[in-house]
Amino acid sequence: MRVTKKIKLFSFIIIVIVLGIIAFPIAHILRTKWGETDIHRTLPPHYVDDASTLNLTKVDTIIAIPKGRSAIENQLRQILQYANAKGLKISVAGARHSMGGHTMYPNGIVLNMLPYNHMELDTVENILTVGSGALWSDAIHYLDHYGKSIAVMQAFSSFSIGGSLSVNGHGWQKNSPPLASSVLSFTLMNAKGQVLLCSRKENSELFHHVIGGYGLFGIILDVKLKVVNNRSLKFHYINLAPENYTKYYKKYILDNPKVDLVFGRLRVSNKNFLAEATLNYFEQTVEQPIQLSQQSKKMEETKRLIFRGSVNSEYGKRLRWDLETSSAIPARHLTFTRNEIMDSQVSLIENKDTTSTDLLHEYFIPERNFMKFIQDIKPILLKSKLDLLNITIRAVNRDDDAYLNYAQEDVFGFVLLFNQKKTAQQEVEMQTLTDLLVDATIKNEGTYYLPYRLHITKDKMRKVYPKADSFFRTKTKYDPSELFNNKFYRHYK
């Protein structure tokens, strides 16, 4: 009898513990949800901002470009004439995911390119012709019907194609340089209203300067991109120590011809801070790909809340890491299509707290200094008062296309995401942190990415980008009146 009671008591205790284990993370996620305002920000008339929500700027006019090819050239020429007559500057905007005022100029004209989003596929040559305002998600869904897929793009599909060319975005495709490598040509309207075809053979100087040129040379209109076959991919995951990352990358990625997409992560909780890593990759399988599902993705809001629950929470950071690494084990048996994986929206990590913003940094480090860079930034990050939410690692091959290139050799890109309060104090702290991280980058023979907050001085920028002065001289060669302008140009020129 006593034994039976003990068994019942033990069973009850086990049930309570299990319920407690389940209930605590659920309560944490619900608390995160209840703490959000979900108030959509409305900008005043004649004001624009970007993804940083820290660049509210008054402009003269915001003009949405026409959808049709025939109408767009005439309207743009009229806008150029008006800007010249009024002494106004022009900036070019898409989805506005840059964070340093790259798509705006005070009291200038903003061209909203998003309506210009036509698409046409050459199924023989596997070339997509697309309007620069189209979002990558639009292109993915269009190509999916043909069994095709984007060759190179960023991790999120919410960006515009013209904007991605202007920052020369990089993706997580194996053995790939940045986006420029998949661009065959584009048409560009220059400051004179002329439409020029730019490729590696025709107007080649413009081709190399416009890609990664931050909208300073003209208006990108139509883009021709390489596309590849949509494929079925199986997920694989390895938990490892960061000091083994490059060795495992060679073994499981470079030496494996079936790998298509790959990324890594570093642990950012105080427990085991930067002492654990994951290597995540997708391998081609013989299964036939299916079209993108039209059903709503029911788990997306839960994933977002798990991510948002890590903001200023050690428990939330540990929970997210534990859930991601534990869920990766059963996910090994799942098969996805390439398009399904690449059609990932920024809404997956959306910040609904109006008092804070999420800011990105990216640093590109050669393999020989991979671990030294991690060791150098660790004390900097631990000392900082800014909340580090995530570090993703992506390999980027050398870029020989963009003149102002960040992948000056094969590198590993460290993508850092911070949460910052919208206060003057935290803005100063972010500037100090950025400066220290760039110093660590320079020490390790790396580069930093230019689409983000303008916290680095002109002199230090030129240490990282020694061709900057030549780049700006070429800009004034093609645009002597500096008609195309933005805050990035004002800061760094």
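One-based numbering along the sequence shown. The analysis underlying the following values was restricted to heavy atoms, covering all of them including side chains, and did not include hydrogens, waters or symmetry mates.
Within 6.0 Å of NZ in Lys224 there are 12 or fewer heavy atoms belonging to other residues, nucleotides or ligands. More than 12 heavy atoms of other residues, nucleotides or ligands lie within 6.0 Å of NZ in Lys422, so this atom counts as buried by the packing criterion. By the neighbour-count criterion of 12 heavy atoms within 6.0 Å, atom NZ of Lys467 is densely surrounded, having more than that number from other residues, nucleotides or ligands. Counting heavy-atom neighbours within 6.0 Å of Lys460 NZ, excluding the residue itself, gives a total above 12.
Under the 3.5 Å distance criterion, the side-chain polar atoms of Ser204 are left unmatched by any main-chain donor or acceptor of Lys201. Checking side-chain atoms of Asp50 against main-chain N and O of Gly101 turns up a donor-acceptor pair under 3.5 Å. In this structure a side-chain-to-backbone donor-acceptor pair under 3.5 Å is present from Thr357 to Ser52. A distance-only check finds a donor-acceptor pair linking the side chain of Asn84 to the backbone of Leu80 [under 3.5 Å]. At distances below 3.5 Å, not a single donor-acceptor pair connects side-chain atoms of Ser182 with backbone N or O atoms of Leu225. Side-chain atoms of Ser158 come within 3.5 Å of backbone N or O of Val346 as a donor-acceptor pair. Looking at Lys89, its side chain never comes within 3.5 Å of a backbone N or O of Pro106 through a donor-acceptor pair. In this structure, Arg490 contributes its side chain and Asn486 its backbone to no donor-acceptor pair below 3.5 Å. At distances below 3.5 Å, at least one donor-acceptor pair connects side-chain atoms of Tyr406 with backbone N or O atoms of Asn168. Using modelled atom types, one side-chain atom of Gln408 and one backbone atom of Asn405 make a donor-acceptor pair closer than 3.5 Å.
Inspection of the Glu300 and Ser347 side chains reveals no N or O donor paired with an N or O acceptor under 3.5 Å. If you check the side chains of Glu367 and Tyr249, you find no donor sitting under 3.5 Å from an acceptor. Residues Asn107 and Asp60 bring no donor and acceptor atom of their side chains to less than 3.5 Å of each other. Inspection of the Asp353 and Thr355 side chains reveals an N or O donor paired with an N or O acceptor under 3.5 Å. A donor atom on one side chain and an acceptor atom on the other are not found under 3.5 Å apart for Asp260 and Gln173. Side-chain contact, Trp136 with Ser164: a donor N or O sits under 3.5 Å from an acceptor N or O. Residues Tyr452 and Glu362 have side chains that bring a donor and an acceptor to within less than 3.5 angstrom of each other. Side-chain N/O atoms of Glu427 and His455 include a donor and acceptor closer than 3.5 Å. Thr57 and Lys487 are linked by a side-chain donor-acceptor pair at a separation below 3.5 angstrom, with hydrogens and angles left out of the test. For the 3.5 Å distance criterion, the side chains of Asn229 and Arg338 fail to qualify, holding no donor opposite an acceptor. For the residue pair Ser356 and Gln420, no side-chain donor N or O sits within less than 3.5 Å of a side-chain acceptor on the partner.
Applying side-chain contact (heavy atoms from CB on, under 4.5 Å) to Phe186 and the options Ile211, Val130, Asp222 leaves one that passes, Ile211. The ring-ring contact (aromatic ring centres under 6.0 Å, His included) test with Phe217 is passed by exactly one of Tyr489, Phe471, Phe472, Phe484: Phe471. Checked options Asp49, Asn55, Thr103, Leu114; the residue passing with Arg96 is Thr103 (criterion: side-chain contact (heavy atoms from CB on, under 4.5 Å)).
Note that NE2 of His170 is 12.0 Å distant from CE of Met153, once rounded to the nearest 0.5 Å. Residue Leu196 holds its CG atom at 9.0 Å from OG1 of Thr187, rounded to the nearest 0.5 Å. The OG atom of Ser91 sits 8.5 Å away from atom CG of Asn485, with the distance rounded to the nearest 0.5 Å. Taking CD from Glu73 and CD1 from Ile219, the interatomic distance works out to 10.5 Å, rounded to the nearest 0.5 Å. Between the CG atom in Leu266 and the OG1 atom in Thr278 there is a gap of 8.0 Å [rounded to 0.5 Å]. If you take OG1 on Thr423 and NZ on Lys421, they are separated by 9.0 Å, rounding to the nearest 0.5 Å.
Annotation: side chain to side chain contact (heavy atoms under 4.5 Å, CB included) contacts of Lys86 (sequence neighbours excluded): Tyr82, Leu88. By the side-chain hydrogen bond (donor to acceptor under 3.5 Å, both in side chains) test, Glu120 pairs with no residue at all, sequence neighbours left out.
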Legend entry - Chi angles and distances behind the side chain to side chain donor-acceptor pair (under 3.5 Å) call for Gln75, Gln78: CA-CA 5 Å; Gln75 179 164 337; Gln78 292 174 17; over 6 Å; no
Legend entry - Working for side chain to side chain donor-acceptor pair (under 3.5 Å), residues Thr476 and Glu482: CA-CA 6 Å; Thr476 55; Glu482 299 177 315; over 6 Å; no
Inset, instruction - Using the side chain to side chain donor-acceptor pair (under 3.5 Å) rule, take Tyr403 and Ser470 through it: C-alpha gap first, then chi angles, then the decisive distance, then the call. - result: CA-CA 10 Å; Tyr403 187 81; Ser470 174; 2.7 Å; yes
Legend entry - Full working for ring-ring contact (aromatic ring centres under 6.0 Å, His included) between Phe488 and Tyr214: CA-CA 8 Å; Phe488 166 81; Tyr214 298 94; 4.7 Å; yes
Inset, instruction - Output, in order, the C-alpha distance, side-chain angles, deciding distance and verdict of side chain to side chain donor-acceptor pair (under 3.5 Å) for Asn117 and Asp138. - result: CA-CA 8 Å; Asn117 59 3; Asp138 298 329; 4.7 Å; no
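Residues Val228 and Asn126 are not in side-chain contact: their nearest non-hydrogen atoms beyond the backbone lie 4.5 Å or more apart. Residues Leu135 and Phe159 fail the side-chain proximity criterion, which asks for heavy atoms closer than 4.5 Å. Ile341 is not listed as a side-chain neighbour of Phe235, based on a closest heavy-atom distance of 4.5 Å or more. Side chains of Val110 and Thr61 form no contact here, defined as non-hydrogen atoms less than 4.5 Å apart. Side-chain contact between Leu389 and Ser310 is present, with at least one heavy-atom pair separated by less than 4.5 Å. A heavy-atom distance below 4.5 Å is found between the side chains of Leu386 and Gln426. Between Asp122 and Thr129 there is no side-chain heavy-atom pair separated by less than 4.5 Å. Inter-residue side-chain proximity for Asn112 and Ile63 is flagged as unmet; no heavy-atom pair is nearer than 4.5 Å.
Between Phe282 and Phe336, the two ring planes are perpendicular [angle over 60°; tilted spans 30° to 60°]. Using a 30° and 60° split on the angle between ring planes, Tyr142 and Tyr146 fall in the tilted class, from 30° to 60°.
Between Arg398 and Asp400, at least one side-chain nitrogen of the basic residue sits less than 4.0 Å from a carboxylate oxygen of the acidic one, meeting the salt-bridge criterion. Of the charged side-chain nitrogens involved, at least one lies within less than 4.0 Å of a carboxylate oxygen, so that Asp358 and Arg308 count as a salt-bridged pair. Under a 4.0 Å N-O distance rule, the pair Glu324/Arg265 qualifies as a salt bridge.
Contact between Val92 and Met113 at its shortest, heavy atoms only, is CG1-CG, 3.5 Å.
Judged by the 6.0 Å and 45° rule, Arg200 forms no cation-pi pair with Phe207.
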